[in-house]
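Lettering follows sequence order; numbering is per chain, from 1.
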2 protein chains.
Amino acid sequence: MEYRKLKDQDQDGDTNEEDVESLRGKAISGVSLKPLAAFGVSSSDRSKWKRKTIVTFALTILTSSQAILIVWSKRAGKYEYSVTTANFMVETLKCALSLAALARIWKTEGVTEDNRLSTTLNEVIVYPIPAFLYLIKNLLQYYIFAYVNAPGYQILKNLNIISTGVLYRIILKRELSEIQWAAFVLLCAGCTTAQLNSNSDRVLETPVQGWIMAIVMALLSGFAGVYTEAIMKKRPSRNINVQNFWLYIFGMIFNAIAIVIQDFDAVANKGFFHGYSLITTLMILNHALSGIAVSMVMKYADNIVKVYSTSVAMLLTAVVSVFLFRFHLSLAFFLGSTVVSVSVYLHSIGKPRR
Amino acid sequence: MEYRKLKDQDQDGDTNEEDVESLRGKAISGVSLKPLAAFGVSSSDRSKWKRKTIVTFALTILTSSQAILIVWSKRAGKYEYSVTTANFMVETLKCALSLAALARIWKTEGVTEDNRLSTTLNEVIVYPIPAFLYLIKNLLQYYIFAYVNAPGYQILKNLNIISTGVLYRIILKRELSEIQWAAFVLLCAGCTTAQLNSNSDRVLETPVQGWIMAIVMALLSGFAGVYTEAIMKKRPSRNINVQNFWLYIFGMIFNAIAIVIQDFDAVANKGFFHGYSLITTLMILNHALSGIAVSMVMKYADNIVKVYSTSVAMLLTAVVSVFLFRFHLSLAFFLGSTVVSVSVYLHSIGKPRR
């Protein structure tokens with residue numbers, strides 16, 4: 001359970017990044033761009049498209065390996081570490097990575113208006129909001145289990161897909177075509193289908209309070225994601241490492257508060273790093289990198305891409321688990337995967353006409 | 001089981017019709033056509049569209065009530081009538097209804113080139129083919145149960161959807177847009193999802209022989225459907241009642257052969273109508289009318305419409321059963337229905353551009 005909680009929190013949309021510039025450089029030099037040029041795609045469009053593809057791919061792989069680490073850790077036995085300290089470490093690591101990337105950029109490019117760390121109140125005032133929304137969502141998470149069991153909650157979490165789409169449309173005012181809306185409904189249905197098991201029908205017995213909480217949590221999560229995207233895109237030329245640094249500073253603060261409220265005794269008696277193992281360290285590292293990938297997707301792509309990326313990662317995880325852990329795939333999984341695949345296809349061909 | 005077998009055979013695509021002309025007349029007089037006229041739709045297009053809608057609607061309702069009769073009959077206890085005689089009665093009734101409709105037309109319009117019953121060898125030679133294909137398919141049906149159980153077979157029957165789409169494209173050379181193909185894959189996945197239950201995963205253990213037989217049966221069923229459409233549409237002006245008459249005459253012959261092969265002893269000892277009850281009669285009547293509706297869909301719409309119509313009927317049946325028989329709908333049913341609904345929507349907006 002602890003591992004899952006950690007995963008949920010991070011996967012839903014925290015943020016920060018490594019060195020985008022160096023990543024971009026590698027990708028462009030490694031692949032021939034002639035075919036795109038033939039279609040009259042400009043150099044700038046090409047480079048944007050490349051960057052978007054790379055960050056999406058990175059997020060998919062990192063999210064998928066996150067889930068595999070969770071399965072692995074469950075098989076290895078339960079480690080009694082404190083989840084709040086692990087979350088704090090994830091935020092700290094993301095902060096450190098952002099600073100390291102910034103230091104490198106300052107060395108090569110010098111300090112400019114866009115990459116200086118100092119900020120104005122006007123710029124920084126919005127940064128605590130996503131972290132605050134996640135705090136409320138995580139608090140609600142404890143109460144929803146009075147109405148729904150854990151597998152049922154995993155199923156209800158697919159409502160995030162719909163809430164993200166709706167809030168993306170309403171708040172960011174971005175357009176989705178009819179076909180893309182249909183694809184989004186399919187993504188939600190397909191992901192849920194892929195997770196069906198013999199006990200799933202119990203979700204239908206969820207009392208109305210459970211449904212309301214699930215919907216509120218989906219809205220909070222969707223709103224946090226959309227808000228993060230709005231922050232990242234508000235100043236397109238602002239260096240992403242600076243934006244991440246401030247986002248994660250508030251993540252650290254909110255998680256420190258959570259340690260004090262929830263785990264103060266355990267940390268005081270057993271120590272901050274009590275129960276940490278190799279796999280805990282690997283999971284923290286993975287969560288930090290995933291968080292950075294989410295941040296990059298928010299800046300260079302959007303919430304819709306993020307939702308598709310994490311959904312495909314869920315399917316990828318199941319397939320990899322067949323080989324790693326001899327998992328059996330259900331018929332429901334195959335059907336759900338088919339629906340998700342068609343959804344990805346429809347999303348890509350259904351771009352709104354301009 | 002018997003009821004189900006009867007249902008399967010008929011639902012897969014037999015044929016005949018009542019009085020289309022009178023149906024059409026009623027429909028057009030009953031509804032204002034002004035809104036369509038405003039969009040520049042011609043009178044002939046309008047009437048075709050009306051007719052298509054009516055026959056599709058009729059097929060959906062008849063197929064749905066067919067399934068409800070099956071559930072009802074199962075609840076009422078098992079009737080030991082012979083399935084082959086019931087099938088024969090269905091064909092006979094359809095033949096009789098075709099002749100009655102024809103008689104009425106002869107009275108009002110006189111005998112013309114298009115509605116005379118006499119035919120040429122060249123016209124009639126193709127009519128036995130669908131009935132023959134169904135005969136082979138029904139024979140195979142007995143063997144497939146060596147590899148798959150009955151609920152598993154219900155799941156595998158959804159392969160019909162894909163085979164119909166593929167053969168429709170290859171044999172009738174009719175075009176489906178990319179979106180419509182995607183919708184068709186979704187229809188198959190959605191129908192299968194809606195039928196999932198806790199034992200469905202056993203289908204995945206089907207041996208390769210079972211899969212091959214299921215695919216062959218799907219191709220036979222799809223081929224029979226597509227072939228029927230080709231026959232009905234080859235002579236557009238030929239009266240549908242004449243076409244149906246000849247189609248069903250061969251249906252009667254092939255079912256008579258089936259009685260001799262499979263149920264000769266039972267019929268000889270217990271009588272032809274042994275075990276018939278009110279519900280058996282209602283089911284025969286319903287199957288005959290459904291067969292006629294299928295025929296009309298083949299002539300005035302196409303196999304794709306038929307597949308959508310029977311799929312939606314399956315969902316409708318489940319919903320009606322909640323009220324009639326206090327059925328519980330599963331989460332899988334809701335997810336499958338969502339996918340099927342999106343598929344219907346995508347099919348309608350995804351018409352190929354001309």
### Task
Please determine, among B:Ile179, B:Ile155, B:Asn197, B:Val203, the option with the most heavy-atom pairs under 4.5 Å with chain A.
B:Ile179

### Query
Is a side-chain donor or acceptor of A:Ser177 paired with a backbone partner of A:Gly350 at a separation under 3.5 angstrom?
yes

#### Entry: Side chain / backbone / both / neither for A:Leu329 at chain B, heavy atoms under 4.5 Å
backbone

#### Entry: Any residue of residues 315-324 of chain B which, by heavy atoms, sits under 4.5 Å from chain A
none

### Query
Does any donor atom in the side chain of B:Asn303 or B:Thr164 lie under 3.5 Å from an acceptor atom in the other side chain?
no

### Query
Just checking, any donor-acceptor pair under 3.5 angstrom between side chains of A:Ser330 and B:Asp201?
no

### Task
Salt-bridge test for A:Lys351 and A:Glu175: reply yes if a basic N is under 4.0 Å from a carboxylate O, no otherwise.
no

### Query
In Å and rounded to the nearest 0.5 Å, what is the SG to CG distance from B:Cys188 to B:Asn160?
9.0 Å

#### Entry: Residue-level interface, residues 334-343 of chain A with chain B, non-hydrogen cut-off under 4.5 Å
A:Phe334, A:Leu335, A:Thr338, A:Val339, A:Val342

### Message
Quick one: does any side-chain atom of A:Ser163 pair with a main-chain N or O of A:Ala218 as donor and acceptor, under 3.5 Å?
### Response
yes

### Message
Between A:Gln180 and A:His347 (side chain of the first, backbone of the second, donor and acceptor by atom type, cut-off under 3.5 Å), is there such a pair?
### Response
yes

### Task
With side-chain contact (heavy atoms from CB on, under 4.5 Å) as the test, would you mind laying out the steps for A:Thr56 and A:Tyr308 before giving the verdict?
CA-CA 9 Å; A:Thr56 308; A:Tyr308 272 100; over 6 Å; no

### Query
A:Arg202: what forms a salt bridge (Lys or Arg N to Asp or Glu O under 4.0 Å) with it, not counting sequence neighbours?
none

### Partners meeting ring-ring contact (aromatic ring centres under 6.0 Å, His included) with A:Tyr168 (sequence neighbours left out)
none

